[in-house]
Amino acid sequence: MLQQRRKYNTDKDFDRNPSGANNRKDNKPNSDEQQKAPSNIPKGFEGFFDDKKKKGTKAWINEAAKENQKQTSDSIPKPPPPPRPDNKKGSSASGSNSGGKPPEISNRLLFGVSLATLALYSLASPPENMRELTWQSFRVQLLDKGLVDHLEVLNRNRVRVFLRPESNSLGVAPGMVFYFSIGSVDAFERNLQKAQSELGIPPEERIPVAYHDTISVLGTLLQFAPTLLLIGVFLYLARKGASGMGGGTGGGPGGIFGIGKSKAKMFNHETEIKVKFKDVAGADEAKEEILEFVKFLKNPAIYERLGASIPKGAILSGPPGTGKTLLAKATAGEAAVPFFSVSGSEFVEMFVGVGPSRVRDLFATAKKNAPCIIFIDEIDAIGKARGKGGQIGGNDERESTLNQLLVEMDGFDSDEHVVVLAGTNRPDVLDPALLRPGRFDRHIHVDRPDIGGRAQIFKVHLRPIKTNENMDTLSRKLAALTPGFSGADIHNVCNEAALIAARYNKDEVTDIDFEKAIERVIGGMEKKSRVLSPPEKKTVAYHEAGHAIAGWNLRYADPLLKVSIIPRGVAALGYAQYLPKDQYLYSENQLLDRMCMALGGRVSEQIFFNSITTGAQDDLQKVTKMAYSQVAAYGMNSKVGPLSFSDSQQENQFQKPYSDETASLIDKESRQLVVEALNRTVELLTSKKDDVEKVAKLLLEKEVITREDMEQLVGKRPFADTDSIYDEYVRRKV
Ligand SMILES: Nc1ncnc2c1ncn2[C@@H]1O[C@H](COP(=O)(O)OP(=O)(O)OP(=O)(O)O)[C@@H](O)[C@H]1O
Ligand SMILES: [Zn+2]
């Protein structure tokens with residue numbers, strides 16, 4: 001979630017934004033769309049347009065209508081005649097009343113509306129110096145170069161980029177306005193956070209994002225303009241007696257412009273869905289749970305004969321890229337039924353009423369193609385709990401879309417043989433109504449793969465890669481090197497490795513290419529340009545060496561894979577890569593070892609330089625958190641007792657569930673715990689001072705050292721028994 005999210009509800013509020021790098025003059029209209037005199041206003045209308053704009057649009061429209069009726073000839077330039085209406089009799093709508101017959105009111109109205117619509121669209125027409133970006137080009141050209149001051153999300157589908165003042169001197173043409181479109185706010189926030197983490201921007205310096213819905217009169221009118229236009233066209237067609245419109249809610253080719261039609265992509269099981277369960281590696285539990293749907297779709301009679309009603313849907317939750325979409329598709333592949341895939345954000349458009357009608361259309365089409373599977377990705381885009389927080393504007397549309405979804409799910413019986421699967425990263429925000437029996441009553445969690453799962457996923461994605469290595473060994477080794485990676489990350493690594501190999505014109509992808517690819521995915525692009533001063537580099541080397549030697553000599557520390565002092569991103573100067581065990585329970589001793597390892601860097605700085613730097617802040621935060629959790633959450637402290645106040649970790653600082661006395665006891669005991677860990681680490685590293693020195697020197701020389709280097713330098717790690725995972729997956733490389 002973005003930390004510095006600010007909400008600006010009105011145009012005015014936004015102008016008050018002190019950090020705004022926009023060079024707007026104060027009383028100019030807010031957005032650039034409104035600043036520029038539109039170029040496609042009919043000739044002679046410019047003055048009219050300018051004049052009226054100041055009075056507010058509503059007034060202006062009324063006046064436009066009046067003006068049109070009066071036809072006086074004062075200072076207002078004469079509008080050109082409107083397009084000739086189709087029906088022959090009322091032809092003299094605007095100009096000469098000389099025809100005798102008074103013009104029909106409806107015609108005048110029609111003209112007024114057209115005029116208003118035209119003008120509104122002109123208002124929205126982009127200025128010339130506007131540049132539309134893709135996310136990728138935004139990232140490469142602006143974000144990565146540090147040119148972005150802040151962002152403004154407009155109506156949840158477009159983002160306007162505000163650049164830092166100094167960007168002009170860096171080659172960006174002055175006055176250039178950049179935009180890019182987004183699929184959903186959630187996805188955008190995720191990408192932005194990810195990008196900033198990759199760049200190493202610390203949380204407190206993240207780029208501020210403002211959220212800005214057009215709720216001004218103009219905005220509302222702009223929102224309604226297309227609807228008005230549509231209604232107009234609809235009525236027009238209806239009056240003309242358009243006969244080819246049968247076929248209901250757009251199941252057939254009907255439906256005006258297909259706007260209310262669902263955007264779902266249909267994949268035909270015979271030709272298009274090649275994915276089967278065997279392509280979804282790991283995720284065995286999830287596959288097992290979803291197997292029930294496969295059986296049902298394949299042979300519903302077995303269930304129906306016994307009177308069982310099959311669940312209608314399941315929510316697949318889990319972090320991004322863990323294969324939720326893949327799993328849903330594989331379910332369709334296994335059951336050999338069609339697959340309809342749609343993203344939650346695609347339902348909601350700025351047009352009122354489109355969302356619900358798309359939902360209706362989706363289910364109608366699905367029923368026609370039953371048995372089949374509907375997959376709604378990012379269901380949180382429409383399925384967020386209703387009526388929470390007093391947001392204004394636009395939400396009604398999302399709510400009615402959600403309501404329609406609920407209605408549809410209630411409305412079909414399980415004997416219609418449609419299964420609805422939905423994917424989300426945020427199951428916690430979903431409206432409880434969605435999860436009720438008869439709707440998405442199954443909840444399948446797909447987590448990041450463990451080391452075995454990763455090895456299997458590597459095997460899948462290594463299949464098309466040309467390499468001479470043994471597949472089994474390679475996947476196991478790569479799995480060991482990629483703790484925390486999702487399936488999508490792994491796919492990315494394989495592809496990136498092939499790209500790297502291609503760059504060097506190799507005939508096959510080798511070990512080194514994979515390692516480079518992993519590094520790239522882990523740390524963002526190597527920032528070669530960022531050079532540390534020699535004393536800084538030395539400090540970083542001793543700091544990292546301290547971590548490494550501490551970990552090497554602590555039984556419960558995670559096995560070390562690699563230490564590096566090549567700076568990554570903006571913030572991390574050095575890093576050590578460990579192989580976390582797939583472990584969920586920690587004993588006190590294990591936690592103590594972890595604290596000591598985290599303190600190793602700082603202690604080493606203290607021993608060798610007798611001073612400490614700011615570089616250890618992150619380590620200290622980790623240690624502090626661990627200490628407080630042991631005392632206040634895990635009940636591991638004898639004085640505080642076996643109590644758990646894990647809520648106290650959360651934001652709500654004002655309602656601590658314990659007395660002030662307990663609070664100070666918790667503080668005291670936590671501090672004591674850290675001090676003990678610190679003393680233990682000082683003792684350990686003092687006794688291993690020579691080893692730290694050796695490692696630091698080698699680091700300064702090579703910048704990156706591996707576990708093998710460590711073994712040569714200081715001997716084998718004394719706890720081979722606890723390192724079994726590493727041994728199993730890497731050492732078996734025979
Ligand atoms: N278990 C897996 N086995 C093989 N490949 C996987 C697996 N998980 C993910 N992938 C790869 O990652 C890609 C992206 O996965 P997918 O789109 O299914 O993730 P998702 O969980 O739906 O992500 P999001 O939450 O971002 O929509 C897949 O196309 C596939 O290449
Ligand atoms: Zn450190």
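Start at 1 with the first residue, then count along the sequence. For ligands, and for the atoms within them, numbers begin at 1 and follow the listed sequence.
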- [ ] Show your reasoning for whether side-chain hydrogen bond (donor to acceptor under 3.5 Å, both in side chains) applies to His445 and Ser317.
- [x] CA-CA 5 Å; His445 189 69; Ser317 69; 3.0 Å; yes

Task: Electrostatic pair Glu515:Lys477 at N-O distance under 4.0 angstrom - done: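 Judged by the 4.0 Å cut-off on N to carboxylate O distance, Glu515 and Lys477 do form a salt bridge.
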
- [ ] Would you give the angle at the Zn ion (ligand 2) between Asp619 atom OD2 and His543 atom NE2, to the nearest 10°?
- [x]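 Computed angle, vertex at the Zn ion (ligand 2), rounded to 10 degrees: 100°.
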
TODO: Work out which heavy atom in Cys596 is nearest to a heavy atom in Ala677; give both atom names and the distance.
DONE: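 Closest approach of Cys596 to Ala677, heavy atoms only: SG-O, 3.6 Å.
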
Could you tabulate the donor-acceptor pairs under 3.5 Å formed by side-chain atoms of residues 277-289, not counting sequence neighbours?
{"residue": "Asp279", "atom": "OD2", "partner": "Lys276", "partner atom": "N", "Å": "2.9"}
{"residue": "Lys287", "atom": "NZ", "partner": "Phe277", "partner atom": "O", "Å": "3.3"}
{"residue": "Lys287", "atom": "NZ", "partner": "Val280", "partner atom": "O", "Å": "2.7"}

- [ ] Anything with a heavy atom under 4.0 Å from ligand 1 counts, so go ahead and list those protein residues by chain and number.
- [x]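 Residues near ligand 1: Asp279, Val280, Ala281, Pro320, Gly321, Thr322, Gly323, Lys324, Thr325, Leu326, Asp377, Asn425, Ile457, His461, Gly487, Ala488, His491.
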
Open item on the list: When you measure from the side chain of Asp489 to the backbone of Ser486, do you find a donor-acceptor pair of N or O atoms at a distance under 3.5 Å?
Closed with: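 Indeed, once roles are kept as given, a pair shorter than 3.5 Å links the two residues.
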
Open item on the list: Any N/O/S atom, side chain or main chain, of Glu544 closer to the Zn ion (ligand 2) than 2.8 Å?
Closed with: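 So Glu544 does not bind the Zn ion (ligand 2) by this criterion.
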
TODO: Using the test side-chain hydrogen bond (donor to acceptor under 3.5 Å, both in side chains), find all partners of Thr686 that sit at least two apart in sequence or belong to another chain.
DONE: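 Scan of Thr686 (side-chain hydrogen bond (donor to acceptor under 3.5 Å, both in side chains), adjacent residues dropped) gives none.
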
Open item on the list: List the residues meeting salt bridge (charged side-chain N to carboxylate O under 4.0 Å, His left out) with Arg439, not counting sequence neighbours, and say none if there are none.
Closed with: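 Arg439 satisfies salt bridge (charged side-chain N to carboxylate O under 4.0 Å, His left out) with Asp410 only.
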
